[in-house]
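First up is the structure itself, then whatever we jot down about it.
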Amino acid sequence: MKLSDLVNPTILTQPVYEPGKPIETVARELGLDPATIIKLASNENAFGPSPKAIAAAHAALNEAQLYPDGGAFTLRQKLAARHALAPEQIVPGNGSNEILELLGHVFLRPGDEAVMGVPAFVVYKLVALLFGAKPVEVPLVNHRHDLAALALAITPRTKLVFLPSPNNPTGTANSEEEILAFARALPPHVVLVFDEAYAEFLANPPDLRPLLREGRHVVCLRTFSKIFGLAALRVGYGYTSPEIAALLNRARQPFNVNAIGQAAACAALDDGEFTARCVRENRAGLEQLAAGCQALGLEIVPSVANFFLVRVGDGARVFGELQARGVIVRPLKPYGMAEWLRVTVGTATQNERLLRELATVVK
Ligand SMILES: *Cc1c(COP(=O)(O)O)cnc(C)c1O
C-alpha cells in the first residue's frame with residue numbers, strides 16, 4: 001500500500017505557505033555576510049521588541065522547567081483591561097495564525113464555504129482548504145476590500161467571512177462605519193473574522209466591540225508579531241463573545257502559548273512609550289519610502305500599515321536582484337500581483353538602503 005493511500009486526501013492537495021526567507025538562509029544561499037543583509041519581507045518591527053519585553057523574556061527563562069500558565073491568566077487580564085472586555089472573552093494563541101486554525105476546527109466542515117478577499121492574507125485560504133471548506137475569493141477593488149461584493153458572496157453554506165483591515169499585502173483599510181454596516185447585515189449563520197494584525201499602526205482603529213454587545217458573531221484577531229516586535233515568540237489573541245471564546249478554547253492545546261512569550265507580551269503591553277515611538281517611526285518611514293519611490297517614478301499603493309506595495313514591472317527579477325544585493329522583500333506573484341513587491345518599513349537607514357538598491361535595480 002502506498003503512503004498516499006493512508007493519507008487524508010485533503011492533505012495531499014493542501015498548498016504550503018511560503019514564508020519570507022530568514023536572513024541566515026539568504027546569506028547561506030548567496031554567500032553573503034548575514035550582517036549586511038536587511039529583511040523587509042515579513043512586516044516585522046525594525047525596532048525590535050521593547051527592551052522591557054526582552055528583560056521579561058530573560059527573567060521567564062529562569063523558570064523554563066515549569067509548564068506555562070495554560071490559561072495565560074496575567075496576559076488575559078491585561079488584554080481584557082486594554083480592550084475593556086472580560087477575561088473570558090480573550091483567547092490566547094500561538095500567534096494569531098493559531099486562532100485562525102482554531103476557527104477552522106470550531107466552525108468548518110467539508111462542504112462549508114469561507115468568504116475572503118483576494119489578495120489578502122493567504123492563511124485564510126489555507127485554513128479553509130485544510131478543513132475541506134471551499135474558499136470563496138472576492139477580488140479587491142482599488143486594492144481595498146469591496147464589502148458589498150463580499151456580502152454578495154455569502155451563501156447558506158458560508159460559515160466564516162475573513163476581513164483584514166489594514167489588509168496584508170495591500171496596506172489598505174476599510175472605515176469603521178462601513179465595517180460595522182457590513183457586519184450588521186451579515187446573516188446569523190456567518191461568523192465575521194476581523195483580522196486587525198496592524199490595528200496599532202492606525203490613529204483610530206475601528207471599534208467592533210459594539211457588535212459583541214449586540215450579540216453578533218464576531219472574532220477579532222490581534223498579534224504581538226507586528227507593532228510589539230515579538231514575532232519569534234509566537235503570541236497572538238482573539239477577542240470575541242464568551243460563548244465563541246469557550247468554543248475556541250475547546251480546540252486549543254492546553255499550553256499553546258509558551259511562558260517566555262506570555263511574559264514578554266505582558267511587558268510589551270506595559271511599554272506604551274516604546275510602542276508610540278514605533279508608530280511615529282513607521283509613519284516617518286512610510287513617508288520616506290513613498291517620496292523615494294515617487295522620485296524613482298514607481299507607483300505605490302498608499303498604506304496605513306508598516307509595509308506597502310510598489311510596482312516594479314518584473315517583480316520576480318527585481319526581487320531576485322534586490323536579494324542578491326542583500327535586501328529581502330516579498331515578491332507578490334503568489335498573490336497574483338507579479339508586477340509588485342511588498343516592502344516592510346524599516347529603520348530610516350534601512351529604508352535609505354532599500355531605495356538606493358531599488359534605484360540601481362529598476363533603472
Ligand atoms: C502577520 C499577520 C498575522 C499575524 O500572524 P502571527 O501568527 O500572529 O504572527 C495575522 N494576520 C495578518 C493579516 C498578518 O499580516
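Ligands are counted one by one from 1 in listed order, and the atoms in each one are counted from 1 as well.
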Just checking, is any N or O donor in the side chain of [X] or [Y] under 3.5 Å from an acceptor N or O on the other one?
X      : Y      : result
Glu196 : Tyr239 : yes
Asn167 : Thr170 : yes
Glu200 : Thr275 : no

ask   = Mind checking whether Phe107 and His217 have ring centres under 6.0 Å apart?
value =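 Between Phe107 and His217, the centre distance exceeds or equals 6.0 Å.
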
message = Could you check whether Phe194 and Phe162 have their ring centres less than 6.0 Å apart?
response =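 No.
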
N-O pairing of Lys159 and Asp112 below 4.0 Å =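 So Lys159 pairs with Asp112 through a salt bridge.
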
key: Residues in the immediate environment of ligand 1 (any heavy atom closer than 4.0 angstrom)   =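 Within the 4.0 Å shell of ligand 1, which is judged on heavy atoms, sit Gly95, Ser96, Asn97, Phe121, Tyr124, Asn168, Asp195, Ala197, Tyr198, Thr223, Ser225, Lys226, Arg234.
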
